[in-house]
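Below is one structure, written out as structure tokens; the observations come after it.
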Amino acid sequence: MPEKKIVGLTVRKSEDMSEWYQQVVQKSELIEYSSVSGCVVFRPYSYAIWEKIQQFFDNEIKKKGVKNAYFPLFIPEALLKKESAHVAGFTPEVAWVTEAGHSKLNERLAIRPTSETIMYENYAKWIQSWRDLPLKINQWCSVVRWEFNNPVPFLRTREFLWQEGHTAFASKEEAEKEVRDILSLYKQVFEELLAVPVIEGQKTEHEKFAGGLYTTSVETFLPSGKGIQAATSHCLGQNFATAFDIKFLDEKGDKHFAWQNSWGITTRSIGIMILMHGDDKGLVLPPAIAPTQIVIVPILFENTKEQVLAAAKSITTSLHHTRAHLDDRDNYSPGWKFNEWELKGVPLRIEIGPKDIAAKTAVVARRDTGKKEIVAFENLPTRASELLKEIQQNLLDKAKKQIDDNTVTAKRWEDFTAAFKEKKLVLAPFCDKETCEEEIKAKTDGAKTLNKPFEHPPIKGNCVHCNAPATAYALFAKTY
Ligand code: 86X
């Protein structure tokens, strides 16, 4: 049979995770590299996953009264630099348009790295009275940050896709409530769709978005022994309102600056899911986001071909309540197809051959455990649904266990450094001082804080590093 070149992976995940990752994202047809370093093609298979995330999140924020809009890609230099705290430190990453055709531009234009400035210039016009609040706008777009670290598909690319929500309120209380509501939506995206457990918490002063009041985040810890920020929800306070003159008259006629938030989740979420669940055979996709949840592979022989195909088609039809696909290609062997769909992480495979037809049964194989079972035709629709649910839950449970097993609480510096050396996720009492955080990073070959979890043991005693009174528990790890 004339089959395509080998599709399988040539390296184990535990052997060389970065090589494994590069192979998985390309061979599973999620990603193709482009001729621009740090810019990758989202092929239909990965874009379909992004669409699942979009559909869920977009629907949820619309329920909260958020409306979608689209703001320009280009930001004039003076506008980008209007709120100086937010650009400081980021300027080396900004990409600029300096000429068009044959003429140089009078003012260079930034390609948006984030849209606060271009949006808030307009918010200042739209917000005049308390009746104009709350203002809740979101946009789905791509942004550009010209990174110089080596690019990694999904995790670190120069252009990436995201949503950015930008809201304005009359009171701090309303703004703060939304910060947490959005953060819990992000938690839902990760846990319920991507089967990735995350930890909600507040960023330290050192790691927060400098343009805002405070930053909350969801963070997770990957099998590589590295922590990673999964999404952020910022309370901007009145910093931007002051810089952009976003004021409103209250019911008594007094003027106030608006309270603002911004929040975002990016296509990095897909990379996190891949690293969390993938195995030596390739991707393992959670059913909730799998573009194809079930693949039906008929085992075809000359003289039984017609009957087997007919049965496979009828099974596929009976699974219309799922995303089922019949692989009836006749130029690949069943074994070759099994490998390919395993590489692509399809949660369930149904095999149907001549012997199964007589027995009116099919073989159902799980991608997550590799377990197979024999199911009667008539039971396939309900059993398939059950199994998809079980797989979704199993992936979340396994990831949760992986994180728990690798989390260490350290109260003494020796314990902290020992755990960090073993690539653990370290929870430690912390003073939350910027200088202390920098010293920890310098002394440990890169221990950074992820966040200060909202849920933590009672805070007592001293900072794990400097011995000043602890004001929080913080999570430390090497990070992406
Ligand atoms: C911070 C803040 C915020 C809306 C989010 O995290 C979610 C969605 N925005 C983004 N940030 C910058 O402000 C920034 C600014 C410039 Cl000029 C830059 F080049 C890079 C940046 N990266 C992050």
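The structure displayed is predicted, hence computed values, not measured ones. In each ligand, atom 1 is the first atom listed, and ligand 1 is the first ligand listed. Residue numbers start at 1 and run along the sequence shown.
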Are the side chains of V144 and E159 in contact, using a 4.5 Å heavy-atom criterion?
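SC-SC contact between E159 and V144 confirmed.
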For residues 182-206, which residue pairs pass the ring-ring contact (aromatic ring centres under 6.0 Å, His included) check, not counting sequence neighbours?
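Non-adjacent pairs meeting ring-ring contact (aromatic ring centres under 6.0 Å, His included): F57-Y186.
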Which pairs pass ring-ring contact (aromatic ring centres under 6.0 Å, His included) with one or both residues in residues 11-43, sequence neighbours excluded?
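Found F42-F154.
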Six-ring centre of F248, R131 cation under 6.0 angstrom, axis tolerance 45°:
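Because its charged atom misses either the 6.0 Å distance or the 45° angle limit, R131 does not stack over F248.
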List, pair by pair, the atoms of ligand 1 and of the protein that are both N or O and lie under 3.5 Å apart, giving the separation rounded to 0.1 Å.
from, atom 1, to, atom 2, distance (Å)
ligand 1, 6 (O), T232, OG1, 3.3
ligand 1, 6 (O), H234, NE2, 2.6
ligand 1, 9 (N), T114, OG1, 2.9
ligand 1, 9 (N), E116, OE2, 2.7
ligand 1, 22 (N), R145, NE, 3.2
ligand 1, 22 (N), R145, NH1, 3.3
ligand 1, 22 (N), R145, NH2, 3.3

Step by step, would you call C436 with C463 a side chain to side chain contact (heavy atoms under 4.5 Å, CB included)?
CA-CA 9 Å; C436 185; C463 172; 3.8 Å; yes
Review item, side-chain donor-acceptor pairs of residues 467-475, under 3.5 Å, at least two apart:
from, atom 1, to, atom 2, distance (Å)
T471, OG1, C431, O, 3.2

